[in-house]
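All remarks here apply to the structure that follows.
The shown structure was predicted, so the numbers you read here are calculated from the model rather than taken from an experiment. Numbered from 1 within each chain, the chains take letters A, B, ... in sequence-line order.
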There are 2 protein chains.
Amino acid sequence: MAMKALSKTKAATIYQVAQRAGVSIATVSRALRDSELVTEETRARVHAAAAELNFTPNRLGRSLAEGRHAANGIVFPDLVGPYYAEVVLGYEAAAAGFGSSVLILATHGRADAAAAVQELAGRVDGLAIMGQTVGDDVVERIAATGLPLVLLARDPVKDVDTIRTRNERTAQALAAHLLGHGHRTFAFLGDPGGAPDVAGRYAGIAARLRAQLVPCDLDLESGQAAARELLRDPPDAIVCANDEVALGVHLAAEAAGLRVPDDVAVTGWDDLLAARFAHLTTVSQPMRELGATAARWLDHRITERTTDPAGRATAARRRVLPTELVVRRSCGHHPPEVRT
Amino acid sequence: MAMKALSKTKAATIYQVAQRAGVSIATVSRALRDSELVTEETRARVHAAAAELNFTPNRLGRSLAEGRHAANGIVFPDLVGPYYAEVVLGYEAAAAGFGSSVLILATHGRADAAAAVQELAGRVDGLAIMGQTVGDDVVERIAATGLPLVLLARDPVKDVDTIRTRNERTAQALAAHLLGHGHRTFAFLGDPGGAPDVAGRYAGIAARLRAQLVPCDLDLESGQAAARELLRDPPDAIVCANDEVALGVHLAAEAAGLRVPDDVAVTGWDDLLAARFAHLTTVSQPMRELGATAARWLDHRITERTTDPAGRATAARRRVLPTELVVRRSCGHHPPEVRT
DNA sequence: CTGAAAGCGCTAACAT
DNA sequence: ATGTTAGCGCTTTCAG
């Protein structure tokens, strides 16, 4: 059946398909992209040839010719914790809807993060940058190239679109709730200088009550370690910058023979799946929506740019997505009708 | 200072840099890639010009010329649950170490998954495919292209490299443990026909004990729904295909006023963070390592291919990564010294 | 409807 | 050490 495959080591090109189908590469291109300028018969022949050769167009060639990557990127500090994963998933799903592939880059706090992000910038039509992955200088430099950009969970930079989640106000609500429980002494676990999100949460708390500030990274182990110290003379309540830290505190409390919330109240932020099972009072964020919105905004910018390359870009957009206090048991005892 | 930026809407090209630096594009290319064939002085001038123009090389041009994407892809069903996120993170970290960007594709069970994967195949130097995202036909077609491929958590396909995690044997250990608790009636929640992983787990369980098979998707809600039915006349123990299902059973049991493990024992698989706080007996998998191994193998294949394009490829590799039973409280009561 | 040919931005011989 | 030039694989005028 002449199904003889090529040398296994080299993908077929449009030229081979053209030759096999007995047409020009232009016709192959047209036929494969369902242009209307090809006979049904020709199209069939081309498709057959392509199938026989197992041909998939090389995106590099296509993109270079089209002048677009058909790909977007997203940069985040790490993928640990469901938090970033959810954002990325929302982003990917939305981008896929626009026909864009997505490139991910986890900086892991690497020193060469800036270079990696710049390099990524050269591969995409638009880029979402989360948190403190790179400095403002890098953001500005990339923005200056005209590449559509959107910042996530990060302080705005000049003319760049930014999407955040509500921190301060919900933190105030959390503080009020804790005060309502009768708690009077507090500690805040987290580093307000590290992430804007954390800064906002601390600001909201500090606006309502006096809390001892205990610097702490955002992972479970850091929370655990910080708590070990703190729990020797525990405050009434420990407000944690995120759920992972709070879960670490939980473990430390358990290890120290302390009960939550009787001996010490604990709260987190993010509403991870684990928070539900640790009965952790926390704050839920629309993470999926955060990512999806980013992808949508980028798509708009990209379209706007290709539609009217000359026109002045519309003003930078800002959005703060709502967050919600999720009351469970870790903040203190509630009447029985309160939700899980 | 002549720092006049270009029209904001168009990234600079190597030609503009060349002109500005008063050299040829070849020299720019050399200078920027730190070739040794440029004077220190020229290099400086080029770098200055590039900086002024805020130039970042377009990867399309570069890749097309170099004949490689410097990017790898990974395909998974979804990113929900820390499971896939961890695998992806391990993959990304390792790939970054090899200088490759990574493209992600979540199929979400979409009908056009095959087309999306094929398209992705045209963008990368190597591709990792997880689980039942696409059929064997697609895998074979892509493999026939010569594109390095590695299958994760999926049954092997002809000459394609495959990495899995140990399911059957550890499931047998789990079964033995449950029998040791004195449990005598069992249910298995999951669909062995859906994922090879689940099939392996079920096979291991079924090898040791008789369990009622209750088909169930792999998410929390499905587990919850399936359990609601099942818990009307609960078996001694419910073995779940993964942690999310088990957590769903937990919630259903709680809602039904049943205690775990006293009224019904429950086990999961994956050892999610939440499992720890739900005191769930489960099985831990080296997910990060799964992803990292995939990236390493791909890098080898890619190197092998470019080093010796003619040579016959080495035989397909197979690897099964070890998994570990994690005993907590949900499977039954243990003497106090048993770990959390 | 189809083909020839000019790029897209960059690298890598090959000259000089 | 630097410049010229030919592609890389594809899309897209521009001519038939």
Check your understanding: Between D:dA1 and B:Thr39, is there an OP1 or OP2 to side-chain N/O distance shorter than 4.0 Å?
Key ->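 So the side chain of B:Thr39 is outside the cut-off, no N or O lying under 4.0 Å from OP1 or OP2 of D:dA1.
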Check your understanding: Please walk me through it: do A:Arg20 and A:Glu52 pass salt bridge (charged side-chain N to carboxylate O under 4.0 Å, His left out)?
Key -> CA-CA 9 Å; A:Arg20 181 153 196 140; A:Glu52 284 166 18; 2.6 Å; yes
Check your understanding: Going through the distances and angles, do B:Ser101 and B:Glu92 end up as a side-chain contact (heavy atoms from CB on, under 4.5 Å)?
Key -> CA-CA 8 Å; B:Ser101 296; B:Glu92 195 273 347; over 6 Å; no
[X] [atom1] to [N] [atom2], straight-line distance once rounded to whole Å:
X       : N      : atom1 : atom2 : result
B:Leu32 : D:dT2  : CG    : P     : 14 Å
B:Glu66 : D:dG7  : CD    : P     : 18 Å
A:Ile14 : D:dG9  : CD1   : P     : 11 Å
A:Arg68 : D:dC10 : CZ    : P     : 16 Å

Review point. For atom CD of A:Glu289, is the number of surrounding heavy atoms from other residues, nucleotides or ligands below 6.0 Å larger than 12?
Key: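 Check passes, neighbour count above 12.
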Check your understanding: Is the CD atom of A:Glu140 crowded by more than 12 outside heavy atoms at less than 6.0 Å?
Key ->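 Result for CD/A:Glu140: enclosed.
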**Study point:** Derivation and outcome, salt bridge (charged side-chain N to carboxylate O under 4.0 Å, His left out), residues A:Arg33 and A:Glu66
**Key:** CA-CA 13 Å; A:Arg33 339 196 45 254; A:Glu66 287 181 338; 3.1 Å; yes
Exercise for review: Shoot me the first and last contacting nucleotide of DNA chain C against chain A, ordered 5' to 3', at under 4.0 angstrom to non-hydrogen atoms.
Suggested key: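 It runs C:dC1 to C:dG9.
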Practice item. Output the residues of residues 115-127 of chain B in contact with DNA chain C, where contact means a heavy atom of the residue under 4.0 Å from an atom of the strand; sort by number or write none. Key: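 Those residues whose heavy atoms fall under 4.0 Å from DNA chain C, taken from residues 115-127 of chain B, amount to none.
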Check your understanding: Are B:Val150 and B:Ile163 close enough, and set up right, to give a side-chain contact (heavy atoms from CB on, under 4.5 Å), and what steps lead you there?
Key -> CA-CA 7 Å; B:Val150 50; B:Ile163 310 174; 4.0 Å; yes
Review point. Regarding A:Thr314 and A:Arg301, is there a side-chain donor-to-acceptor distance under 3.5 Å anywhere?
Key: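 Yes, A:Arg301 and A:Thr314 have a side-chain donor paired with an acceptor closer than 3.5 Å.
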Practice item. State which residues pass side-chain hydrogen bond (donor to acceptor under 3.5 Å, both in side chains) with B:Gln132; sequence neighbours excluded, sorted by chain then number. Key: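 Residues passing side-chain hydrogen bond (donor to acceptor under 3.5 Å, both in side chains) with B:Gln132: none at all.
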Check your understanding: In a check of side-chain contact (heavy atoms from CB on, under 4.5 Å) between A:Thr162 and each of A:Arg318, A:Arg319, A:Arg154, which one passes?
Key ->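 Of all the options given, the one that passes is A:Arg318.
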Practice item. Kindly determine whether B:Leu105 and B:Ile74 satisfy side-chain contact (heavy atoms from CB on, under 4.5 Å), including the steps that lead there. Key: CA-CA 6 Å; B:Leu105 175 62; B:Ile74 183 165; over 6 Å; no
Check your understanding: At what angle, to 10 degrees, do the two end axes of the helix from C:dC1-D:dG16 to C:dT16-D:dA1 meet, given five pairs define each axis?
Key ->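 One end axis against the other gives 40°.
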Review point. If every non-hydrogen atom of B:Leu89 is compared with every non-hydrogen atom of A:Ala106, which pair is closest and at what distance?
Key: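 Nearest heavy atoms, B:Leu89 then A:Ala106: CD1-CB, 4.2 Å.
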**Study point:** Where B:Val124 and B:Asn72 come nearest, the two heavy atoms and their spacing
**Key:**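 In terms of heavy atoms, the two residues are closest at CG1-C, 3.6 Å.
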Practice item. Check DNA chain D against residues 56-65 of chain A and give the residues with a non-hydrogen atom under 4.0 Å, in numerical order. Key: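 Residues of residues 56-65 of chain A that come under 4.0 Å of DNA chain D are, in numerical order, A:Pro57, A:Asn58, A:Gly61, A:Arg62, A:Leu64, A:Ala65.
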Practice item. Quick one: do A:Arg45 and A:Glu40 satisfy salt bridge (charged side-chain N to carboxylate O under 4.0 Å, His left out)? Show the steps, please. Key: CA-CA 9 Å; A:Arg45 222 172 37 202; A:Glu40 194 46 61; over 6 Å; no
Point to revise | Rounded distance (nearest 0.5 Å) linking atom CD1 of B:Ile142 with atom CD of B:Gln118 | key: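 Interatomic distance, B:Ile142 CD1 to B:Gln118 CD, rounded to 0.5 Å: 5.0 Å.
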Practice item. Take A:Tyr84 and A:Met287 through the side-chain contact (heavy atoms from CB on, under 4.5 Å) test and state the conclusion after the steps. Key: CA-CA 8 Å; A:Tyr84 294 113; A:Met287 307 186 270; over 6 Å; no
Could you write out each protein N or O paired with an N or O of nucleotides 3-6 of chain D at a distance under 3.5 Å?
from	atom 1	to	atom 2	distance (Å)
D:dG3	OP2	B:Ser24	N	2.7
D:dG3	OP2	B:Ser24	OG	3.1
D:dG3	OP2	B:Thr27	OG1	2.7
D:dG3	N7	B:Arg30	NH1	3.4
D:dG3	O6	B:Arg30	NH2	2.4

